[in-house]
S.K.: 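Please see the structure below; I have some questions.
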There are 2 protein chains.
Amino acid sequence: MPVTASTLEVRPLSRTLKALGDETRLRIIALLSHSELCVCHLERALDLPQSNTSRQLAVLKAAGLVESRREGSWVYYRLSPQLDALCDSQVKALVAAFASREAIRREVARLLKACGPDACT
Amino acid sequence: MPVTASTLEVRPLSRTLKALGDETRLRIIALLSHSELCVCHLERALDLPQSNTSRQLAVLKAAGLVESRREGSWVYYRLSPQLDALCDSQVKALVAAFASREAIRREVARLLKACGPDACT
DNA sequence: TGGTGACATGACGATATTCAAATATCGTCA
DNA sequence: TGACGATATTTGAATATCGTCATGTCACCA
């Protein structure tokens, strides 16, 4: 019996890892490991054009890594819970590594003060 | 201070995850989680043409995920230790999940008997 | 209702990845 | 050395991905 992709059930995992295999998207995950953020936050933190930021978020969303909610004009993104066990362990390991980074935490705190509904209104 | 890829040091991780973001390559990692194997083993287990198997192994090797040693005509592949801390935690989580799968273990045991230097000579 | 800011998406060129088939290389043995 | 099996690499065509520009949509407000 060959070790097929389906018997191993690696399909969800391969999609997840494929979405994570990109520097920009990993930076987004690193930021979201600390807090829910809206697109304008991410745009500034990543120093990327708006359309590019939005595109990478769409990729992460399609892979089930993030989810979003709308609040007025702003759309907030946050990490999404993982249903697949393999995906869950991978994402948990990643988030744990990023969440412990003090430098990221500070940057996120700065972002939350500098812009967004609490400051831009 | 923007959250750049270099300050986050996600470059090695993005390369690793990109290499892992493929069903075939994940299947190879799953098999190698149980034992060192040669290309002929993998070819049969994956039911893939030789050139494809070899190329996927080259991708994994370029990403530093596997390493190889030659024994006569055969080339054995095994998982490679990870120097980067982020890569290491990701790979460890993956290998732990695969290593506990009894079905994979049995298939690997079968392969090791059915072909290779111990059986094909 | 018109205007503006926040975000998403269609279209495009540039670049990268995929696979199979053919070919090249390497080690072994006669 | 010459032939053969095991593995690696090259090739080329199809496909996918990336980043940007322009445009579209949605929510809010005057």
Side-chain angles (χ1 to χ4, degrees), chain A residues 5 14-28 32 36-63 65-78 111-112 114-121, chain B residues 4-5 10-11 14-28 32 36-63 66-78 111-112 114-121:
Chain A
S14 70
R15 276 191 300 122
T16 295
L17 294 179
K18 186 172 188 178
L20 289 174
D22 176 274
E23 289 184 11
T24 299
R25 293 194 289 267
L26 278 178
R27 288 198 283 157
I28 293 175
L32 296 183
E36 175 184 69
L37 293 169
C38 68
V39 182
C40 74
H41 290 135
L42 294 166
E43 220 174 304
R44 298 177 198 203
L46 302 169
D47 193 26
L48 283 181
Q50 180 267 325
S51 69
N52 196 354
T53 306
S54 185
R55 253 187 221 301
Q56 304 297 349
L57 285 168
V59 171
L60 290 172
K61 193 173 187 176
L65 280 160
V66 304
E67 54 195 21
S68 61
R69 73 180 171 85
R70 176 150 225 143
E71 187 173 318
S73 296
W74 292 275
V75 176
Y76 280 81
Y77 281 86
R78 61 177 173 275
L111 283 170
L112 288 171
C115 67
D118 297 339
C120 296
T121 49
Chain B
T4 65
V10 289
R11 244 166 273 230
S14 70
R15 278 191 297 121
T16 295
L17 294 178
K18 186 172 189 179
L20 288 174
D22 175 274
E23 289 186 12
T24 299
R25 294 194 287 267
L26 278 178
R27 289 198 282 157
I28 293 175
L32 296 183
E36 174 184 70
L37 293 169
C38 68
V39 181
C40 74
H41 290 135
L42 294 167
E43 225 173 292
R44 299 178 197 202
L46 302 169
D47 192 27
L48 283 181
Q50 180 267 326
S51 73
N52 197 351
T53 306
S54 185
R55 195 162 31 73
Q56 304 296 354
L57 285 167
V59 171
L60 290 172
K61 193 173 185 176
V66 304
E67 53 196 21
S68 61
R69 72 180 171 86
R70 175 149 226 144
E71 185 172 321
S73 296
W74 291 275
V75 176
Y76 279 82
Y77 282 84
R78 61 177 173 276
L111 282 170
L112 289 171
C115 68
D118 298 338
C120 295
T121 51

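Scope of the values below: all heavy atoms of this structure, side chains included, with no hydrogens, waters or symmetry mates. Residue numbering restarts at 1 for every chain, and letters A, B, ... go by the order of the sequence lines. As the structure is a prediction and not an experimental result, all values here were calculated from the model.
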S.K.: Does B:Gln50 get its side chain close enough to the base of D:dA8, under 3.5 Å, for a donor-acceptor pair?
M.R.: yes
S.K.: Given atom CH2 of A:Trp74 and atom C1' of D:dT25, what is their separation to the nearest angstrom?
M.R.: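 It works out to 17 Å between those atoms.
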S.K.: Is the shortest side-chain N/O distance from A:Gln56 to OP1 or OP2 of D:dG19 below 4.0 Å?
M.R.: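 Yes, within the criterion.
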S.K.: By the 4.0 Å heavy-atom rule, please label B:Lys61 as base, sugar-phosphate, or nothing.
M.R.: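 If one applies the 4.0 Å heavy-atom cut-off, B:Lys61 turns out to touch nothing in the nucleic acid.
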S.K.: Quick one: A:Glu23 CD to D:dT17 C1', roughly how many Å, whole number?
M.R.: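 After rounding, the gap between these two atoms is 15 Å.
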S.K.: Hey, is the main chain of B:Ser51 close enough, under 3.5 Å, to the side chain of B:Ser54 for a donor-acceptor pair?
M.R.: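 Not a single qualifying donor-acceptor pair exists.
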S.K.: Could you state the CG-C1' distance from B:Leu48 to C:dA20, rounded to the nearest angstrom?
M.R.: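 Atom CG in B:Leu48 sits about 12 Å away from atom C1' in C:dA20.
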S.K.: Does D:dA6 have OP1 or OP2 under 4.0 Å away from a side-chain N or O of B:Tyr76?
M.R.: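 For D:dA6, neither OP1 nor OP2 has a side-chain N or O of B:Tyr76 closer than 4.0 Å.
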S.K.: Tell me if a side-chain donor or acceptor on B:Arg70 pairs with a main-chain N or O of B:Gly72 at a distance below 3.5 Å.
M.R.: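 Flag set: sc B:Arg70 to bb B:Gly72 pair under 3.5 Å.
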S.K.: Report yes if a side-chain nitrogen or oxygen of B:Tyr77 is closer than 4.0 Å to either non-bridging phosphate oxygen (OP1 or OP2) of D:dA8; otherwise report no.
M.R.: yes
S.K.: Measure from the side-chain heavy atoms of A:Lys18 and tell me the nearest of C:dA20, D:dA16, C:dC7.
M.R.: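 Among the listed nucleotides, the one closest to the side chain of A:Lys18 is D:dA16.
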S.K.: May I have the distance from B:Asp22 (atom CG) to D:dT17 (atom P), rounded to whole angstrom?
M.R.: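 Spelled out: CG on B:Asp22 to P on D:dT17 is 12 Å.
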S.K.: Output yes when at least one side-chain N/O atom of B:Ser54 is less than 4.0 Å from OP1 or OP2 of D:dA8, else no.
M.R.: yes
S.K.: Would you call A:Arg25 and A:Glu23 a salt bridge, using N to O less than 4.0 angstrom?
M.R.: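 Between A:Glu23 and A:Arg25 there is no salt bridge, as every charged N stays at least 4.0 Å from the carboxylate O atoms.
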S.K.: If pairing requires Watson-Crick or G-U wobble contacts with both distances under 3.5 Å, which nucleotide is the partner of D:dG24?
M.R.: C:dC7
S.K.: Quick one: does B:Arg55 reach the base of D:dT7 with a side-chain donor-acceptor pair under 3.5 Å?
M.R.: no
S.K.: In whole Å, what is the span from the CG atom of B:Asn52 to the C1' atom of C:dT23?
M.R.: 17 Å
S.K.: Between the main-chain N or O of B:Pro49 and the side-chain N or O of B:Thr53, is there a donor-acceptor pair closer than 3.5 Å?
M.R.: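 Here the side-chain-to-backbone pair exists.
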S.K.: Starting at atom NE2 of B:His41, determine the distance to atom P of D:dA6, rounded to an integer number of angstrom.
M.R.: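 The distance from NE2 of B:His41 to P of D:dA6 comes to 12 Å, rounded to the nearest Å.
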S.K.: For the side chain of A:Ser73, counting heavy atoms from C-beta on, which of D:dT7, C:dG5, C:dA20 is nearest?
M.R.: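 Ranking D:dT7, C:dG5, C:dA20 by closest atom to the A:Ser73 side chain puts C:dG5 first.
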S.K.: Could you tell me whether B:Arg25 contacts a base, only the sugar-phosphate backbone, or nothing, with contacts defined as non-hydrogen atoms closer than 4.0 Å?
M.R.: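 Contact class for B:Arg25: sugar-phosphate only.
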S.K.: Picking from D:dT20, C:dG27, D:dA27, which would you name as closest to the side chain of A:Arg70?
M.R.: D:dA27
S.K.: Between C:dT9, D:dT9, D:dT7, which nucleotide has the shortest distance from any of its atoms to the side chain of B:Val75?
M.R.: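 Nearest to the side chain of B:Val75 among the choices is D:dT7.
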S.K.: Does any nucleotide pair with C:dG27 by Watson-Crick or G-U wobble geometry, both distances under 3.5 Å, and what is it?
M.R.: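 By the stated definition (distances under 3.5 Å), D:dC4 pairs with C:dG27.
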S.K.: Distance check needed: D:dA6 C1' versus B:Leu57 CG, whole Å only.
M.R.: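 One finds 13 Å between C1' of D:dA6 and CG of B:Leu57, rounded.
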S.K.: Regarding A:Arg55 and A:Asn52, is there a side-chain donor-to-acceptor distance under 3.5 Å anywhere?
M.R.: no
